[in-house]
S.K.: 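Provided herewith is a single structure, encoded as structure tokens, for subsequent inquiry.
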Amino acid sequence: DAGVTQSPTHLIKTRGQQVTLRCSPKSGHDTVSWYQQALGQGPQFIFQYYEEEERQRGNFPDRFSGHQFPNYSSELNVNALLLGDSALYLCASSIGPVTNEKLFFGSGTQLSVL
Amino acid sequence: AQSVTQLGSHVSVSEGALVLLRCNYSSSVPPYLFWYVQYPNQGLQLLLKYTTGATLVKGINGFEAEFKKSETSFHLTKPSAHMSDAAEYFCAVSDYGGATNKLIFGTGTLLAVQP
């Protein structure tokens, strides 16, 4: 049983560019959350998708957007990249958005903005 | 707003020694608390969680944590450290108790285990 898979594993972009990160949830999971982990920091919640809708959002600008597909996979898009967007982006999946079912995390996408 | 504070960004112990990683929380609702471990180049793995009930929670790999409401603490312990325990540990609180699985993480504690 595959866990949470994220692609790509590493990505290098320049300021002002746009990037799309992808996440496939664990089998049987229908909810995807995205977190940003800057170097030396704990993960920060970006947003959560359930039933193809954004259900909750953290304190991130509108440059961060997402999508969930009917197969429950998800994308994170970041426009107009800034140097400060360099971070590890983690995807987590779960069964439902409001229970405390165990969150399963992927290994992340390391984004470097030059 | 909910928050957690992890005391000590780096902790070093000898193999076989007690591991104690400190976490204090702030929550306006009865907290749901978590400890996660992150090995290099990997995602987060749940060690244990407290929701309701017994205040001493046992997790994987011999770790346990005790919820102390009077001290607003949820410290992580392991009686005897192993080299494989070297990793970064994050304490987290659920943003609205059991009503969401949105987590608020601390800044992490990097555990080094010396031979």
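Not measured: the values here are computed from a predicted model. Numbered from 1 within each chain, the chains take letters A, B, ... in sequence-line order.
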S.K.: Can you confirm whether more than 12 heavy atoms, excluding those of B:N41, are under 6.0 Å from its CG atom?
M.R.: no

S.K.: Is chain A contacted by the side chain of B:Y39, its backbone, both, or neither, given a heavy-atom distance below 4.5 Å?
M.R.: neither

S.K.: Please say yes or no: joined through hydrophobic side-chain contacts below 4.5 Å, possibly via intermediate residues, are B:V113 and B:I60 part of one cluster?
M.R.: yes

S.K.: For the atom pair CG (B:L103) and CD (A:Q44), what is the distance rounded to the nearest 0.5 Å?
M.R.: 13.0 Å

S.K.: Mind running side-chain contact (heavy atoms from CB on, under 4.5 Å) on B:F90 and A:Q41 for me, showing each step along the way?
M.R.: CA-CA 10 Å; B:F90 292 94; A:Q41 300 296 317; over 6 Å; no

S.K.: When rounded to the nearest 0.5 angstrom, what is the spacing between CZ in B:F34 and CG in A:L103?
M.R.: 7.5 Å

S.K.: I'd like to know which of B:Q45, B:E88, B:Q38 tops the heavy-atom pair count under 4.5 Å against chain A.
M.R.: B:Q38

S.K.: According to a hydrophobic-cluster definition based on side-chain heavy atoms being under 4.5 Å apart (Ile, Leu, Val, Met, Phe, Trp, Tyr only), do B:M83 and B:L76 belong together?
M.R.: yes

S.K.: Walk me through it: do B:L46 and A:F105 pass the test side-chain contact (heavy atoms from CB on, under 4.5 Å)?
M.R.: CA-CA 9 Å; B:L46 180 66; A:F105 282 83; over 6 Å; no

S.K.: Would B:Y50 end up clustered with B:F63 when hydrophobic side chains under 4.5 Å apart are linked, directly or stepwise?
M.R.: yes

S.K.: Find out whether B:L44 and A:P43 are in side-chain contact, i.e. whether some heavy atom of one side chain is under 4.5 Å from a heavy atom of the other.
M.R.: yes

S.K.: What are the residues of residues 83-90 of chain A, in order of number, with any heavy atom under 4.5 angstrom from a heavy atom of chain B?
M.R.: A:L88, A:L90

S.K.: For chain B, which residues from residues 47-70 of chain A lie under 4.5 Å away (heavy-atom distances)?
M.R.: A:Q48, A:Q56, A:R57

S.K.: With a 4.5 Å limit on heavy-atom distance, are the side chains of B:F105 and A:Y35 in contact?
M.R.: yes

S.K.: Transitively linked via ILVMFWY side-chain contacts under 4.5 Å: B:V57 with B:Y25?
M.R.: yes

S.K.: Are B:Y32 and B:I104 joined in one hydrophobic group, where the rule is that I, L, V, M, F, W and Y side chains link up if heavy atoms are under 4.5 Å apart?
M.R.: no

